[in-house]
> 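Here it is, the structure, as structure tokens.
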Amino acid sequence: NLKKWTYVSAFGKGLGQQPCQYECPDFFQLPVNGDKKKMKWVMTMNINPGCWFGGSATEYFVGDFDGKKFTCPDANEVKWLDWGKDHYATVTFSNTGDRVLGITWMSNWQYANQVPTQQYRSGNSIPRDLGLFEYKGETYCSVVPSPEMTAARSKKAGKKLTESCEMVVNLKGNATITLSNDKGEKVVMNYDAKAETFSMDRTKSGKVDFSKDFAAVTKAPTYGKISQLRIFIDKSSIEALDADGKMSMTNLVFPSKPYNKVTVKGK
């Protein structure tokens, strides 16, 4: 009756990233590597403060649930759903069948009230399908752009950046991708195939002086090689995702003019 409750179990105290405040918890089942005979439970927990790059982010735990207790064998390892500065309050939709679709608020409580916008305080990310994959004996959450995003884009690829677009980059090794405009503002993304890392530098991305915490270089493990990057660019955000789902990075940017030039160096 939602009035009388029986205590069954608890999870989270002293685990994962500490200290922090928990918000917007979510709990769902996913198949490992798409195998529905091998299911795991995932608990997402949006935490603030104390995240990898400061402020807010989405942490997750992978384990088993017997109907009363959730157990996670690697609960002391911190796993991030996204490695950017602006990925918080992730929630999933209901009524989506076997799919688990998540969406997030693109901001960070370090500067959410200071971002140079009018009328609103940051938008939502693109919708993302969640899954599970294994790497070196560990199970991680995969994140890919929902296929409806592909269906909504133009049938024929353009040759120029626009204010709102998706850029697809095929990779065969180390690469540096730079978005820039004629004001000298730029965002530099770097993929290191040997180190298995991806980074995004927004220190010169445009307006950054509204908060001491905004200018940053974010860096993520890629859990193996990246063969294709899908980069979603909007007027004030960049969402870079490995097409296979092993890495995602979401960052706000505030250029004085849209980025209209892209430079790719490397393989």
> Would you say S248's side chain and L81's backbone share a donor-acceptor pair under 3.5 angstrom?
yes
> Does CG in D209 sit with more than 12 non-hydrogen atoms of other residues, nucleotides or ligands closer than 6.0 Å?
yes
> Might you work through the side chain to side chain contact (heavy atoms under 4.5 Å, CB included) test for K85 and M106, ending with a clear yes or no?
CA-CA 8 Å; K85 285 278 288 186; M106 292 193 294; over 6 Å; no
> Against the six-membered ring of Y140, is K79 placed for a cation-pi contact (under 6.0 Å from the centre, within 45° of the normal)?
yes
> How close do V187 and S205 get, heavy atom to heavy atom, and via which atoms?
CG2-CB, 3.7 Å
> Looking only at non-hydrogen atoms, find the nearest pair between C51 and A57 and report the distance.
SG-N, 3.3 Å
> More than 12 non-hydrogen atoms from neighbouring residues, nucleotides or ligands closer than 6.0 Å to CG on N95, yes or no?
no
> Main chain of K246, side chain of D244: is a donor-acceptor contact present, judged purely on distance under 3.5 Å?
no
> Compare every heavy atom of D182 with every heavy atom of N260, then report the nearest pair and how far apart it is.
OD1-N, 4.3 Å
> Check the orientation of F254 and F214. Use parallel for under 30°, tilted for 30 to 60°, and perpendicular for over 60°.
tilted
> Working to the nearest 0.5 Å, report the span between CD1 of I231 and CE of M249.
11.0 Å
> Just wondering, do S122 and L252 contact through their side chains at under 4.5 Å, heavy atoms?
yes
> Can you name the closest pair of heavy atoms from Y191 and I226 and give their distance?
OH-N, 2.9 Å
> Return yes if a side-chain donor-acceptor contact under 3.5 Å exists between D129 and S146, otherwise no.
yes
> Quick one, F61 and W41 - any side-chain contact, counting heavy atoms below 4.5 Å?
no
> Over 60° means perpendicular and under 30° means parallel, so classify the ring planes of W83 and W80, tilted if in between.
perpendicular
> Say whether, by atom type as modelled, one donor and one acceptor occur between the side chain of D82 and the main chain of T250 under 3.5 angstrom.
yes
> Would you confirm whether E196, through its side chain, and G224, through its main-chain N or O, come within 3.5 Å as a donor-acceptor pair?
yes
> Does any non-hydrogen side-chain atom of V144 lie less than 4.5 Å from one of R128?
no
> Just by distance, no angles: are the side chains of T92 and D26 close enough, under 3.5 Å, to form a donor-acceptor pair?
yes
> Could you check T58, N108, N46, N251 and say which one makes a side-chain hydrogen bond (donor to acceptor under 3.5 Å, both in side chains) with H87?
T58
> Got Y259 and V253 here, is their nearest side-chain heavy-atom distance under 4.5 Å?
yes
> NZ of K225: more than 12 outside heavy atoms within 6.0 angstrom?
yes
> Return the NZ to CG distance between K267 and N170, rounded to the nearest 0.5 Å.
15.0 Å
> Provide the closest heavy-atom pair for L132 versus L30 in the form atom of the first, atom of the second, distance.
CD1-O, 3.6 Å
> Salt bridge (charged side-chain N to carboxylate O under 4.0 Å, His left out), that's the test. Do K194 and D192 meet it? Break it down for me.
CA-CA 6 Å; K194 184 177 181 180; D192 189 321; over 6 Å; no
> Any side-chain heavy atom of T176 sitting closer than 4.5 Å to one from V264?
no
> Under the ring pair (Phe, Tyr, Trp, His ring centres under 6.0 Å) test against F70, which residue among F65, F28, F11 passes?
F11
> Let's go through T90 and T44 carefully: what are the C-alpha distance in whole Å and the side-chain angles of both, what is the deciding distance for side chain to side chain contact (heavy atoms under 4.5 Å, CB included) to 0.1 Å, and is it a yes or a no?
CA-CA 8 Å; T90 304; T44 57; 5.6 Å; no
> I need the minimum non-hydrogen distance between N76 and G14, along with the two atoms involved.
OD1-O, 4.2 Å
> Start with the C-alpha gap between V168 and R153, add the side-chain angles, then the distance that decides, and say whether side chain to side chain contact (heavy atoms under 4.5 Å, CB included) holds.
CA-CA 12 Å; V168 178; R153 70 185 182 188; 4.0 Å; yes
> Answer yes or no: is there a side-chain heavy-atom contact under 4.5 Å between F133 and Y135?
yes
> Can you list the steps and then say if E166 with R230 is a salt bridge (charged side-chain N to carboxylate O under 4.0 Å, His left out)?
CA-CA 7 Å; E166 176 189 353; R230 297 180 65 184; 2.6 Å; yes
> In Å and rounded to the nearest 0.5 Å, what is the CE to CD distance from M45 to E23?
11.0 Å
> Report yes or no: do Q228 and D242 form a side-chain donor-acceptor pair below 3.5 Å?
no
> Is there a side-chain contact between V42 and L130 (heavy atoms, below 4.5 Å)?
no
> Under the side chain to side chain contact (heavy atoms under 4.5 Å, CB included) rule, what do T263 and K186 come out as? Steps first, then yes or no, please.
CA-CA 11 Å; T263 304; K186 61 183 180 180; over 6 Å; no
> R202 and E185: salt bridge (charged side-chain N to carboxylate O under 4.0 Å, His left out), yes or no, with the steps?
CA-CA 9 Å; R202 69 175 182 190; E185 298 165 344; over 6 Å; no
> To the nearest 0.5 Å, tell me how far T197 OG1 sits from M247 CE.
10.0 Å
> Side-chain contact, heavy-atom cut-off 4.5 Å: N181 with P258?
no
